[in-house]
Enquirer: 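Sharing a structure here in structure tokens format.
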Amino acid sequence: MRIVLLGAPGAGKGTIAKRLSEYDGSVHISTGDILRNEVKNGTELGKRAKAYMEKGELVPDELILNMVETRLREKDCEKGFILDGFPRTIAQAEALENLLRKLGIGLDLVVNLDVPEDVIIERLTTRRTCSNPSCQEIYNVKFKPPSPDGRCLKCGWPVIQRDDEKEEVIRERLKVYHEKTSPLIDLYRKTGLLFDVRSPGSDEIVSKILEGLGKK
Ligand code: AP5
């Protein structure tokens, strides 16, 4: 599958992307995860991205576009990909369209995960993430807890809270989403690729997306 997951911070993009990737081996590409690894490894890109991420602002388009183009040109993406957190601006959506045209491929679906804001705030303040860069399993202290001693059930690494999970940063991320990313919903609706999903549970969401792709 070749899909884009749209949705506010905490809408469940990462959770659903991991499930879809397990379904058919399509590669999960999270620009947020890639950036957090760059920050952790102290790379030039990480140093430039860090201040934006800590404030809940978007990292400048030019840094993101190079990063995504490099990733999408890697061999494993030929199996399909699930874009989580990209595109996030109109300029990024246009750049993605140009890149896919150059690669001679198109998107199958753009999924809009539509979740009420009170649910989002609740989910983000209770989320935990595996600190192992090659795992990054997503937990939630209420709905999907890690082990009792705070470790990942898949790889055993400690499970942590992200730096951008403070309430004031969450509010800024939501504001940025409404201003810069939500206009993509109408943009993709006009192309006929948009698929709205409002279900509460991850199982139902995955089933609906597979139905939308004609795989069920
Ligand atoms: P990024 O990492 O992309 O963060 P985000 O979009 O804010 O999304 P999140 O990862 O916070 O949430 P999610 O929708 O994946 O939800 P999750 O599945 O974890 O970006 C971080 C930063 O990087 C940005 O602020 C920006 O600075 C920068 N950046 C990244 N991409 C960029 C780009 N393209 N351009 C510019 N800058 C960029 O779920 C949340 C919680 O809810 C979890 O605890 C989960 O267990 C739980 N949950 C999920 N689904 C359900 C469900 N159905 N029922 C109950 N609980 C659920």
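Values reported hereafter were calculated over all heavy atoms of this structure, with side chains retained and with hydrogens, waters and symmetry mates removed. When a ligand or atom number is given, it counts from 1 through the structure's own listing order.
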Enquirer: How far is atom 31 (N) of ligand 1 from the closest protein heavy atom, and which atom is that?
Expert: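 Protein heavy atom with the smallest distance to atom 31 (N) of ligand 1: Thr31 OG1, 2.7 Å.
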
Enquirer: Taking Tyr139 for the side chain and Leu153 for the main chain, is one N or O donor matched with an acceptor at less than 3.5 Å?
Expert: yes

Enquirer: Which atoms of ligand 1 sit under 4.0 Å from any heavy atom of Glu57?
Expert: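 So the atoms of ligand 1 that pass are 26 (C), 27 (O).
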
Enquirer: How many angstroms lie between atom CD of Glu172 and atom CD of Glu57, to the nearest 0.5 angstrom?
Expert: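 If we round to the nearest 0.5 Å, Glu172:CD and Glu57:CD are 6.0 Å apart.
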
Enquirer: For the backbone of Met1 and the side chain of Ser26, can you confirm whether one donor and one acceptor N or O come within less than 3.5 Å of each other?
Expert: yes

Enquirer: Pick, from Met53, Arg123, Glu122, the option with the minimum heavy-atom distance to atom 48 (N) of ligand 1.
Expert: Arg123

Enquirer: Quick one: does any side-chain atom of Asp114 pair with a main-chain N or O of Val197 as donor and acceptor, under 3.5 Å?
Expert: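 Such a contact is absent between Asp114 side chain and Val197 backbone.
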
Enquirer: What are the two closest heavy atoms between Pro9 and Arg173, and how far apart are they?
Expert: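 Where Pro9 meets Arg173 most closely, the heavy atoms are CB-NH2, 3.5 Å.
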
Enquirer: What is the nearest protein non-hydrogen atom to atom 35 (N) of ligand 1, stated with its residue, atom name and distance?
Expert: Gln92 NE2, 2.9 Å

Enquirer: Check each atom of ligand 1 against the heavy atoms of Gly201 and keep those under 4.0 Å away; list them by number with element.
Expert: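 Within the 4.0 Å cut-off of Gly201, ligand 1 contributes 53 (N).
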
Enquirer: What atoms of ligand 1 come within less than 4.0 Å of a heavy atom belonging to Gly10?
Expert: 8 (O), 9 (P), 11 (O), 12 (O), 13 (P), 14 (O), 16 (O), 40 (C)

Enquirer: Please check: side-chain N/O of Lys13 versus main-chain N/O of Ala8, any donor-acceptor pairing under 3.5 Å?
Expert: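 Such a contact is found between Lys13 side chain and Ala8 backbone.
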
Enquirer: Give the atom numbers and elements of ligand 1 that come within less than 4.0 Å of a heavy atom of Gly14.
Expert: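 Listed by number with element: 13 (P), 15 (O), 18 (O).
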
Enquirer: For atom 7 (O) of ligand 1, what's the nearest protein heavy atom and its distance?
Expert: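 The protein heavy atom lying closest is Arg173 NH2, 2.6 Å.
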
Enquirer: Tell me whether Arg88 has any N or O atom under 3.5 angstrom from an N or O of ligand 1.
Expert: yes

Enquirer: Is there a heavy atom of Lys144 sitting under 4.0 angstrom from any atom of ligand 1?
Expert: no

Enquirer: Where the side chain of Ser147 meets the backbone of Arg151, is there a donor-acceptor pair that is under 3.5 Å apart?
Expert: yes

Enquirer: Checking a contact table here: which protein heavy atom is nearest atom 9 (P) of ligand 1, and how many Å away?
Expert: Arg127 NH1, 3.2 Å

Enquirer: Report yes or no: does Arg162 have a heavy atom closer than 4.0 Å to ligand 1?
Expert: yes

Enquirer: Only one of Ile3, Leu100, Thr191 clears side-chain contact (heavy atoms from CB on, under 4.5 Å) with Leu107; which?
Expert: Leu100

Enquirer: Regarding ligand 1, does Lys13 bring an N or O atom to under 3.5 Å of one of the ligand's N or O atoms?
Expert: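 For ligand 1, there is an N or O atom that lies under 3.5 Å from one belonging to Lys13.
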
Enquirer: Among all protein heavy atoms, pick out the one at the shortest distance from atom 21 (C) of ligand 1; state its residue, atom name and that distance to 0.1 Å.
Expert: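 Scanning the protein heavy atoms, the shortest distance from atom 21 (C) of ligand 1 goes to Arg36 NH1, 3.6 Å.
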
Enquirer: Nearest to atom 18 (O) of ligand 1, what protein heavy atom do you find, and at what distance?
Expert: Thr15 OG1, 2.6 Å

Enquirer: So, for Pro183 and His178, which heavy atoms are closest and what is the spacing to 0.1 Å?
Expert: CD-O, 3.9 Å

Enquirer: Before signing off on this row, confirm whether Ser202 and ligand 1 have an N or O atom pair separated by under 3.5 Å.
Expert: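 Yes, Ser202 has an N/O under 3.5 Å of an N/O on ligand 1.
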
Enquirer: Tell me: protein heavy atom nearest atom 56 (N) of ligand 1, and distance?
Expert: Phe143 CD1, 3.4 Å

Enquirer: Should Val68 be listed as contacting ligand 1, given a heavy-atom distance under 4.0 Å as the test?
Expert: no

Enquirer: What are the two closest non-hydrogen atoms of Asp164 and Met53, and how far apart are they?
Expert: CB-O, 3.9 Å

Enquirer: Under a heavy-atom criterion of less than 4.0 Å, does Lys55 contact ligand 1?
Expert: no

Enquirer: Can you confirm whether Arg71 is buried at CZ, in the sense that more than 12 heavy atoms of other residues, nucleotides or ligands lie under 6.0 Å from that atom?
Expert: yes

Enquirer: Between Leu124 and ligand 1, which residue portion shows a heavy-atom distance shorter than 4.0 Å: side chain, backbone, both, or neither?
Expert: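 Leu124 to ligand 1: side-chain contact only, backbone stays beyond 4.0 Å.
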
Enquirer: Which ligand 1 atoms are under 4.0 Å away from a heavy-atom of Leu35?
Expert: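 Listed by number with element: 23 (O), 28 (C), 29 (N), 30 (C), 38 (C).
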
Enquirer: A quick test of your reading: do over 12 heavy atoms of other residues, nucleotides or ligands sit less than 6.0 Å from NZ of Lys180?
Expert: no

Enquirer: When rounded to the nearest 0.5 angstrom, what distance separates CG in Leu83 from CD1 in Ile29?
Expert: 5.5 Å

Enquirer: For Lys18, does the NZ atom sit with more than 12 other heavy atoms under 6.0 Å from it, leaving out its own atoms?
Expert: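 Enclosed: over 12 neighbouring heavy atoms sit under 6.0 Å from NZ of Lys18.
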
Enquirer: Pull out every atom of ligand 1 sitting under 4.0 Å from any heavy atom of Asp164, numbered as shown with elements.
Expert: 21 (C)

Enquirer: N/O of Asn140 under 3.5 Å from N/O of ligand 1, yes or no?
Expert: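 It does: an N or O of Asn140 is found under 3.5 Å from an N or O of ligand 1.
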
Enquirer: Taking distance alone, with N or O pairs closer than 3.5 Å, would you say Thr126 contacts ligand 1?
Expert: no

Enquirer: Do any N or O atoms from the side chain of Glu22 and from the backbone of Arg19 form a donor-acceptor pair under 3.5 angstrom?
Expert: no

Enquirer: Heavy-atom contacts with Tyr139 under 4.0 Å: which atoms of ligand 1 show up? List them by number with element.
Expert: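 So the atoms of ligand 1 that pass are 43 (C), 44 (O), 46 (O).
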
Enquirer: Below the 3.5 angstrom mark, is there an N/O of Gly85, backbone or side chain, next to an N/O of ligand 1?
Expert: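 In this structure, Gly85 places an N or O atom under 3.5 Å from an N or O of ligand 1.
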
Enquirer: Does any donor atom in the side chain of Thr43 or Asn41 lie under 3.5 Å from an acceptor atom in the other side chain?
Expert: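 Side-chain D/A pair, Thr43 to Asn41: absent.
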
Enquirer: Report the part of Ile64 in contact with ligand 1, treating N, CA, C, O as backbone and CB onward as side chain, heavy atoms under 4.0 Å; options are side chain, backbone, both, neither.
Expert: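 Under 4.0 Å from ligand 1, Ile64 contributes side-chain atoms alone.
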
Enquirer: For atom 53 (N) of ligand 1, which candidate among Gly12, Pro200, Gly56 holds the nearest heavy atom?
Expert: Pro200

Enquirer: Just how far is it from atom CD1 of Ile138 to atom SG of Cys152, taken to the nearest 0.5 Å?
Expert: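 Between atom CD1 of Ile138 and atom SG of Cys152 there are 11.0 Å.
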
Enquirer: Can you list the atoms of ligand 1 that are under 4.0 Å from a heavy atom of Ala8?
Expert: 14 (O)

Enquirer: Would you say ligand 1 has an N or O under 3.5 Å from any N or O of Phe86?
Expert: no

Enquirer: Does the N or O separation between Val59 and ligand 1 drop below 3.5 Å for any pair?
Expert: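 Val59 vs ligand 1: N/O contact under 3.5 Å present.
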
Enquirer: What are the two closest heavy atoms between Leu124 and Gly10, and how far apart are they?
Expert: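 Looking at all heavy atoms of both residues, the shortest contact is CD2-CA, 3.4 Å.
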
